[in-house]
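Data first, discussion second: the structure below is written as structure tokens.
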Amino acid sequence: MNFFHEIRKHILAAIQALVADGDLPEGTDASRVTAEPPRDESHGDISTNAAMVLAKPAGKNPRELAEKLVAKLQNIGLIAEVSVAGPGFVNIRMVDEFWDQQLLTILEAGADYGKSNLGLGEKINLEYVSANPTGPIHAGHGRVAVVADVLANLLEKVGYAVTREYYINDAGGQAKKLACSSYLRYREALGEDIGEIPEGYYPGPYLKDVGQAIADRDGDKWLSLDEEEWLDPFREFAVNAMMSAIREDLKLMGITHEVFTSEMDLQRSGAVDRAVADLEEQGLLYTGVLEPPKGKVVEDWEPRPQLLFKATEFGDDVDRPLKKSDGTWTYFTGDIAYHYDKFQRGFKQMINVWGADHGGYVKRIVSAVNAITRGDGRLDVILSQMVNFFDNGVAVKMSKRAGTFVTVRDVIEKVGKDVFRFMMVSRKSDAHLDFDFKKVMEQTKDNPVFYVNYAHARSHSVMRMAKQEFPDIDPTQLSDAPLKRLRDEDEIRLLKLLAGWPRQVEIAAQAHEPHRLCYYLYEVAGQFHMLWNKGKDEAILRFILPDDRELTRARLAMIKGVQAVIASGLTIFGVEPVEEMH
RNA sequence: GCGCCCGUAGCUCAGUAGGAUAGAGCGCAAGAUUCCUAAUCUUGAGGUCACAGGUUCGAAUCCUGUCGGGCGCACCA
């Protein structure tokens with residue numbers, strides 16, 4: 001569906017023809033030859049760097065080579081014009097009918113437009129959120145979650161078999177704290193005065209419910225027992241409670257994971273031991289003493305022999321410890337086992353999306369994945385920067401202690417899932433994002449969420465109006481409309497824009513950068529709104545022309561195209577394309 | 001001290017795996033419009049792409065260094 005691929009095939013064929021003619025050497029490598037839109041639309045529709053890339057190895061002048069290429073491309077159907085420009089660009093312009101054909105393709109595909117099989121069905125594991133199961137999801141995690149979820153949709157769109165996965169960190173110190181905090185609340189539920197929640201415990205009131213629930217179920221049976229007796233059951237109960245709350249939060253965001261993997265289960269199943277044994281077998285473990293960290297004072301630091309993984313052999317800065325001083329595994333060790341587990345489940349490609357504050361951990365886990373998969377597995381980590389929340393320009397201060405931190409639920413209840421999701425992917429993920437509660441709710445063209453969805457709604461509105469004017473027009477049967485009458489320069493421009501959608505989807509998917517699609521959709525919406533406005537000045541450009549049924553049908557076809565592309569895009573975002581604004 | 005990310009118009013940001021004269025929105029300036037299909041429209045000014053080198057046909061993009069900002073830096077996750 002990406003017509004640039006089609007044109008590139010023609011270019012490659014032309015290059016082969018030049019090889020046959022002796023103008024290029026046998027075995028010419030055309031892999032760097034591109035077919036992409038020129039920066040300036042006045043240059044044409046497609047531009048190729050072929051002559052410039054091939055000139056040097058062939059010992060030719062780029063412009064001369066370009067001229068020869070032009071001769072080969074000139075008579076191919078639907079190409080209107082081929083010319084040489086600048087240092088040796090070959091610019092191609094398509095005939096207008098070409099865009100009509102693209103529109104027909106769009107109409108046929110509907111909201112599936114942009115779908116492709118680029119991924120060849122390859123399995124990709126996308127791990128995201130993976131927040132500690134110790135409380136509701138913070139709004140900061142919300143961005144990570146949405147960026148990853150949209151990326152998952154995007155990769156599916158281009159033909160990957162994506163598994164959305166959540167790693168439950170239920171084995172470490174935080175989970176233990178959660179269990180202890182819950183035990184405290186349990187005692188409280190049984191009437192004990194527990195006073196202030198001690199430092200280091202989770203003070204959140206949501207744990208009261210957990211304590212109460214255990215008291216209701218078990219009465220005072222845990223009260224007289226030692227910690228080692230109640231710790232595991234309390235942890236399990238609390239983690240389950242937190243996870244179901246987290247699932248609710250995720251659901252609010254429109255996110256559903258297919259697989260949840262528990263760190264505890266991995267340990268109990270022996271997966272961690274097996275991973276360590278594997279690294280040992282490869283000779284990648286040793287016991288040693290690390291240098292103290294520089295530039296940061298660690299009060300209780302002491303030289304201590306530790307079990308270390310040779311991360312430096314795989315590009316990390318220092319070797320990394322696998323065991324804590326109390327003899328339990330570090331988080332890292334469990335994580336290695338987890339990624340090994342994913343690999344063994346058939347995922348050669350893994351993507352993790354984390355908050356930017358975990359950036360320091362990336363090299364470590366990537367090097368471990370390289371080691372334990374013998375280079376056959378690839379882990380890509382995407383970092384997502386913080387979100388700064390504002391309310392009408394005033395920064396919203398967040399403090400966990402003061403209880404003023406913003407949860408995902410808070411935000412969704414205020415602005416809705418769709419606005420939240422759209423805004424969260426509207427910027428490059430490694431850039432900070434400002435989120436203003438007031439601005440994102442505004443119904444003006446300054447608000448991109450509104451602007452894009454309004455274009456979709458407006459397109460439906462036009463269809464409704466058309467139905468009144470021409471009750472006999474079937475909006476699903478427009479493929480025989482006289483598209484060649486769509487010849488205003490802005491109509492052509494819109495058609496070209498729409499035809500570029502599959503390429504945008506591919507680029508965004510390959511770069512793992514869904515935010516690009518926001519900008520593109522904004523452009524489509526803008527071009528559509530512009531045409532609408534143009535109809536105010538030039539009556540002939542109005543979409544519905546009571547005395548010209550066929551031109552109306554052509555215009556409706558174009559509008560269906562706009563609908564398809566915007567719906568296709570918003571669906572990737574997990575945003576519902578609305579048919580009416582309220 | 002080290003590692004990672006970032007630095008583009010007054011502001012917020014794009015920049016399509018190295019392409020041609022670096023773009024958009026807001027704001028600013030000028031003008032149009034009170035019409036209609038649904039929430040105005042058009043035009044304009046505005047830039048040493050942080051800085052300095054390098055790589056090559058060609059650099060905002062890649063490499064090196066400098067400056068500035070963010071994050072992180074045994075045994076937390």
Side-chain angles (χ1 to χ4, degrees), chain A residues 4 32 34 36-40 42-43 47 49 51-53 55-56 61-63 85-89 91 130-132 134 169 171-175 177 263 289-296 298 300-304 306 308 316-328 330-332 334-335 355-363 383 385-386 426-428 430-434 442-448 450-451 454 457-458 461-462 464-466 469 500 503-504 506-508 510-511 513 515-516 518-520 522-523 526 529-530 532-537 542-544 580-581:
Chain A
F4 289 94
R32 288 180 58 215
T34 60
E36 53 188 17
R39 176 163 300 192
D40 189 331
S42 69
H43 293 140
S47 177
N49 63 357
M52 291 179 295
V53 173
K56 200 176 184 187
N61 173 303
R63 286 199 60 112
F89 286 102
N91 292 328
S130 300
N132 276 328
T134 56
N169 307 141
Q174 302 303 316
K177 276 184 194 170
E263 183 182 6
V289 180
L290 290 174
E291 294 285 308
K294 290 179 178 166
K296 187 193 165 197
V298 183
D300 59 345
W301 191 88
E302 56 183 50
R304 179 186 295 134
Q306 295 173 293
L308 299 173
D316 201 355
D317 308 312
V318 288
D319 293 336
R320 302 294 182 175
L322 296 185
K323 258 188 190 174
K324 301 185 212 168
S325 52
D326 66 1
T328 62
T330 58
Y331 176 80
F332 181 46
D335 214 14
D357 53 337
H358 288 69
Y361 187 76
V362 174
K363 280 187 182 178
L383 298 179
Q385 268 294 355
M386 300 292 114
S426 65
R427 291 267 180 273
K428 212 174 357 184
D430 52 16
H432 286 271
L433 174 68
D434 290 344
E442 273 169 10
Q443 306 230 326
T444 70
K445 72 182 286 283
D446 305 339
N447 178 358
F450 170 79
Y451 193 64
Y454 176 40
R458 178 174 261 178
S461 165
V462 172
R464 287 190 293 270
M465 301 297 288
E469 186 66 40
R503 179 169 183 272
Q504 295 294 331
E506 283 182 16
I507 288 169
Q510 280 167 340
E513 292 183 347
H515 76 275
R516 293 172 184 241
C518 278
Y519 290 91
Y520 173 83
Y522 189 81
E523 237 183 287
H529 288 311
M530 183 193 188
W532 191 92
N533 284 310
K534 216 171 165 182
K536 289 198 292 191
D537 295 335
R542 294 165 76 100
F543 299 143
I544 298 164
E580 254 174 296
M581 305 305 292

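Sequence lines set the chain letters: A, B, ... in the order given, protein chains first and strands last, and positions in each chain run from 1.
Contact record, A/Ala85 with A/Asn91: CB-ND2, 3.5 Å, taken as the closest heavy-atom pair.
Counting only heavy atoms from C-beta on, A/Ala431 has its side chain closest to B/rA14 among B/rA14, B/rG70, B/rA20. The side chain of A/Trp532 has B/rC36 as its nearest neighbour among B/rG70, B/rA14, B/rC36. The nucleotide whose nearest atom lies closest to any side-chain atom of A/Asp430 is, among B/rC6, B/rA14, B/rA77, B/rC6. Considering only the side chain of A/Asp357, B/rC71 comes nearest among B/rC36, B/rU12, B/rC71. Here the nucleotide nearest the side chain of A/Ala85, chosen from B/rA39, B/rU12, B/rA20, is B/rA20.
Contact annotation for A/Asn61: no contact, since no heavy-atom pair falls under 4.0 Å across all strands. At the heavy-atom level, A/Arg464 lies under 4.0 Å from base atoms of the strands shown. At a threshold of 4.0 angstrom between heavy atoms, the contacts of A/Tyr522 are confined to the sugar-phosphate backbone, with no base atom among them. A/Phe543 comes within contact range of at least one nucleobase, with a heavy-atom separation under 4.0 Å. Using a 4.0 Å heavy-atom distance criterion, A/Gly359 is classed as making no nucleic acid contact. Among the atoms of the strands shown, none is found under 4.0 Å from any heavy atom of A/Arg320. As judged by a 4.0 angstrom heavy-atom cut-off over every strand, A/Pro37 is placed among the base-contacting residues. Within 4.0 Å (heavy atoms only), A/Gln510 reaches at least one base atom of the nucleic acid. Among the atoms of the strands shown, none is found under 4.0 Å from any heavy atom of A/Thr444. At a threshold of 4.0 angstrom between heavy atoms, the contacts of A/Asp300 include nucleobase atoms, whether or not backbone atoms are also involved. Within 4.0 Å (heavy atoms only), A/Asp40 reaches no atom of the nucleic acid at all. As judged by a 4.0 angstrom heavy-atom cut-off over every strand, A/Glu291 is placed among residues making no nucleic acid contact. As judged by a 4.0 angstrom heavy-atom cut-off over every strand, A/Pro38 is placed among the base-contacting residues. Across all strands shown, A/Ala356 has heavy atoms under 4.0 Å from sugar-phosphate atoms exclusively, and none from any base.
The nearest whole Å value for the distance from the OH atom in A/Tyr331 to the P atom in B/rG72 is 17 Å. Put simply, OH on A/Tyr520 is 19 Å from C1' on B/rG25, counting in whole angstrom units.
Interatomic distance, CH2 of A/Trp532 versus CZ of A/Arg458, reported as 4.0 Å (0.5 Å rounding). Taking OH of A/Tyr520 as the reference point, atom CZ of A/Arg503 lies at 11.0 Å (rounded to 0.5 Å). Remark: A/Met52 CE to A/Arg63 CZ distance equals 10.5 Å, nearest 0.5 Å. Note that CZ of A/Phe450 and CE of A/Met581 are 4.5 Å apart. Values are rounded to the nearest 0.5 Å. Rounding to the nearest 0.5 angstrom, the gap separating the CZ atom in A/Arg542 from the NZ atom in A/Lys536 is 10.0 Å. To the nearest 0.5 Å, atoms CD (A/Glu513) and CD1 (A/Ile507) are separated by 10.5 Å.
The side-chain ring of A/His432 is not stacked on the base of B/rG70, judged by centre separation under 5.5 angstrom and plane angle under 30 degrees. For B/rA20, the base is stacked against the aromatic ring of A/Phe89, per a cut-off of 5.5 Å between centres and 30° between planes.
Residue A/His358 places no side-chain N or O under 4.0 Å from the OP1 or OP2 atom of B/rG3. Residue A/Lys428 places at least one side-chain N or O closer than 4.0 Å to OP1 or OP2 of B/rG15.
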Using atom names, set out every protein N or O paired with an N or O of nucleotides 55-65 of chain B below 3.5 Å, distance rounded to 0.1 Å.
| residue | atom | partner | partner atom | Å |
| --- | --- | --- | --- | --- |
| B/rC57 | OP1 | A/Lys56 | NZ | 2.7 |
| B/rC57 | OP2 | A/Lys56 | NZ | 3.3 |

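Considering only residues two or more places apart in sequence or on other chains, A/Arg427 meets the side chain to side chain contact (heavy atoms under 4.5 Å, CB included) condition with A/Arg143, A/Leu433, A/Tyr519.
Cation-pi contact between A/Arg320 and A/Phe332: absent, since separation from the ring centre below 6.0 Å together with deviation from the ring axis within 45° is not met.
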Practice task
Going 5' to 3' through nucleotides 41-47 of chain B, assign each nucleotide B (protein heavy atom under 4.0 Å from a base atom), S (under 4.0 Å only from sugar-phosphate atoms) or - (no protein heavy atom that close).
Solution key: S------

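The base of B/rA20 is paired with the side chain of A/Ser47 by a donor and an acceptor separated by under 3.5 Å. For B/rC75, the base has a donor-acceptor partner in the side chain of A/Arg304 [N/O atoms by modelled type, under 3.5 angstrom].
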